[in-house]
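Here the structure comes first, spelled out in structure tokens, and everything after it is commentary.
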Amino acid sequence: MPTMSSVKYEKGAVALLFLTLFFLSTTTQAMEIPKIPQKFHFPGNGFSKGSIDLGGLQVSQITTFNKIWASQEGGPDNQGATIFEPSGIPQGFSMLGSYSQPNNKALFGWVLVAKDLSPPNTINGTLKQPIDYSLIWTTESLGISQDSNVYVWLPTAPNGYKAVGHVVTTSPNKPALNKVMCVRTDLTDQCDRNSVIWNGPNAINFFEARPSNRGTQSPSVPVGTFVVDNGTVPIAISCLKNTKNIASSMPNVQQIEAIVKAYSPIMFLHPDEEYLPSSVNWFFSNGGLLYTRGNESNPVAIAQNGTNLPQDPNNDGAYWLDLPADGAEKDRVKKGDLESARSYIHVKPMLGGTFSDIAMWVFYPFNGPARAKVEFFNVNLGKIGEHVGDWEHATLRVSNFNGELRQIYFSQHSHGQWVEASQLEYQSNNKPVVYSSLHGHAAYPHPGLVLQGTNAIGVRNDTASSDIVMDLGSHELVSAEYLGSQVVEPPWLNYFREWGPKIDYNIDDELKKVAKALPGRLRDLLAKIVKSLPSEVLGEEGPTGPKVKNNWNGDEA
């Protein structure tokens, strides 16, 4: 295995050239997406080699396109959507389907093309031409603002094969049979609709297509194509399936370190934040306690790295962690220790091993009280929202084809959002930015106020730039299961119980205290919104650690 010194890193290699970002053109010339220049050298395994063998089917990720058609209305922000075909397809590879995206953002997409690796004269290779096409939708009779009429075709696959994308034309004539290829059924898997790309007339919409089954063990691979339908029946196209070892295209330890060096975010905490992150070991060595049910009067100090924490994979309420018992020490530890803080990294294969998810977990000893906006009033919600032991994370999604950062997931209480790399904010050294919300520590891509509730009444998530900054590149690689014994998990990671005690308070009593100055109508509305919040926001008990979360083995959303 190569040493870290053999992983070459070029300073500034991840610069995003924002001045050259362009929005969707109205021409039909080939267009290249704005992207992070990839100038790394990754020695070793199959990561970042340009293509991936799914089992006799070699696929490559294309990010250059020819524009086929565009609407100028509908979709997000009513700006329309555009359909593209991949361009610059490598010799021997074939198109599998078209790509589409909304017009309210810069072109930043990809679609897979494929090559049949079957031996010559194989009768049932991994790819075959369709035997016909079915016209599934056209704008011919619709009065919409568009470049021209468009015709969307579904390839009719031969027996034993499936279509994995649509073909789009601006002519009513059927496409040529060699325009696209169908994929042998054993190399396909079920797809679902994801987010809406465009809302068309007559309840016909464009949807992103993604695998139905997503997780670290799932072999399902997205093609990057889209589906056109009314959203009521199973979709007509399939995804791909990786029938080989999905770990074969994943980064090794040295490559992980290079990825983190390139893409690790800078996290801004709110300028009024009182409860800062710390390292786990700082929390342990500064009086963190382990409690046992039935023996609550005799808590024990937590050993360095959590070596005395229960290691069985159960969450039965038999144990929990807490702050120091001494009042002064408790208040001190609540505030965390930014100097010791680091991100705890879990690397996992996603989408059939075509992407690496770099989950970067941050620990806070304490989550502060929630705050609400009630029309013109700002209300501190008292104990509501408080809990010991707060775990938050952001996840980098990196292409295993070329090592490029494609998206970041921002965890926000029980939910979150994926944001494309082209839509992120960047700081010095071209590092993406994460904003941590005041007291709640939810992660957001941009500063400002996000309300959980209505436009006028809800729980506040305030973020802003400040001098309180954490570099998530200061990290510890704690888990990468596909690498086996090369990464040793710390004992605290396999502690499956709560990282804080259950907080005994009555929500109604707390609401009465904090909302007594509000008019009755507003008081009732605030109570309704607060009671509808997930437990992660209400903070009634300490959270479990990273390994207990659904996204440890599954997709983020």
Hey, does the side chain of [X] reach the backbone of [Y] with a donor-acceptor pair shorter than 3.5 angstrom?
| X | Y | answer |
| --- | --- | --- |
| Ser218 | Ser220 | yes |
| Asn550 | Asn553 | no |
| Asn104 | Gln79 | no |
| Lys49 | Asn400 | no |
| Asn194 | Glu208 | no |
| Ser100 | Thr82 | yes |
| Thr395 | Asp357 | no |
| Thr225 | Val164 | yes |
| Asn461 | Ser437 | no |
| Thr138 | Val150 | yes |

For the student: nearest non-hydrogen atoms of [X] and [Y], plus distance:
| X | Y | value |
| --- | --- | --- |
| Leu154 | Ala163 | CD1-CB, 4.2 Å |
| His166 | Ile237 | CE1-CG2, 4.1 Å |
| Pro76 | Ile197 | CD-O, 3.4 Å |
| Cys182 | Pro155 | SG-CB, 4.2 Å |
| Ile408 | Pro265 | CD1-CG, 4.3 Å |
| Asp132 | Leu177 | N-CD2, 3.9 Å |

Practice problem: Kindly check if the number of other-residue, nucleotide or ligand heavy atoms within 6.0 Å of CD (Glu489) is above 12? | Solution: yes
Quiz prompt | Asn178 atom CG: more than 12 heavy-atom contacts under 6.0 Å | solution = yes
Less than 4.5 Å apart, side chain to side chain, heavy atoms only: is that true for [X] and [Y]?
| X | Y | value |
| --- | --- | --- |
| Val111 | Leu96 | no |
| Gln190 | Pro234 | no |
| His393 | Tyr344 | no |
| Phe84 | Leu107 | yes |
| Arg397 | Leu351 | yes |
| Pro211 | Pro222 | yes |
| Ser264 | Met360 | yes |
| Asn78 | Glu73 | yes |

Practice problem: Please test Ile68 against Ser98 for side chain to side chain contact (heavy atoms under 4.5 Å, CB included), starting from the C-alpha separation and ending with a verdict. | Solution: CA-CA 9 Å; Ile68 303 300; Ser98 301; 5.7 Å; no
For [X] and [Y], does a side-chain donor sit closer than 3.5 Å to a side-chain acceptor?
| X | Y | answer |
| --- | --- | --- |
| Ser399 | Gln61 | yes |
| Glu85 | Asn66 | no |
| Thr126 | Asp116 | yes |
| His475 | Glu257 | yes |
| Tyr444 | Gln417 | no |
| Trp69 | Gln146 | yes |

When rounded to the nearest 0.5 angstrom, what distance separates [atom1] in [X] from [atom2] in [Y]?
| X | Y | atom1 | atom2 | answer |
| --- | --- | --- | --- | --- |
| Gln101 | Phe65 | CD | CZ | 8.0 Å |
| Asn494 | Lys547 | CG | NZ | 3.5 Å |
| Thr185 | Asn124 | OG1 | CG | 10.0 Å |
| Gln58 | Leu127 | CD | CG | 11.0 Å |
| Tyr482 | Asn252 | OH | CG | 7.5 Å |
| Tyr133 | Asn173 | OH | CG | 13.0 Å |

Between [X] and [Y], how do the two ring planes meet: parallel, tilted or perpendicular, split at 30° and 60°?
| X | Y | result |
| --- | --- | --- |
| Phe206 | Trp198 | tilted |
| Phe363 | Trp391 | tilted |
| Trp361 | Trp552 | tilted |

Quiz item: Are Asp471 and Lys431 close enough for a salt bridge, meaning some N to O gap below 4.0 Å?
Solution: no
Exercise. Before accepting this row, confirm whether a basic side-chain N of the pair Arg214/Asp192 lies closer than 4.0 Å to the acidic partner's carboxylate O.
Key: no
Exercise. Begin from the C-alpha positions of Tyr151 and Glu140 and carry the test side chain to side chain contact (heavy atoms under 4.5 Å, CB included) through to its verdict.
Key: CA-CA 8 Å; Tyr151 303 81; Glu140 199 170 65; 2.5 Å; yes
Practice problem: Under the side chain to side chain contact (heavy atoms under 4.5 Å, CB included) rule, what do Lys67 and Asp147 come out as? Steps first, then yes or no, please. | Solution: CA-CA 11 Å; Lys67 177 187 168 186; Asp147 292 350; 2.9 Å; yes
Quiz item: With ring centroids as reference points, do Phe226 and Trp137 lie under 6.0 angstrom apart?
Solution: no
Practice problem: For Phe355 and Trp110, run ring-ring contact (aromatic ring centres under 6.0 Å, His included): C-alpha distance rounded to whole Å, both residues' side-chain angles, the deciding distance at 0.1 Å, then the answer. | Solution: CA-CA 13 Å; Phe355 289 87; Trp110 57 268; 5.7 Å; yes
Exercise. Go through the steps to decide whether Ile131 and Tyr161 satisfy the test side chain to side chain contact (heavy atoms under 4.5 Å, CB included), and finish with yes or no.
Key: CA-CA 11 Å; Ile131 57 177; Tyr161 292 78; over 6 Å; no
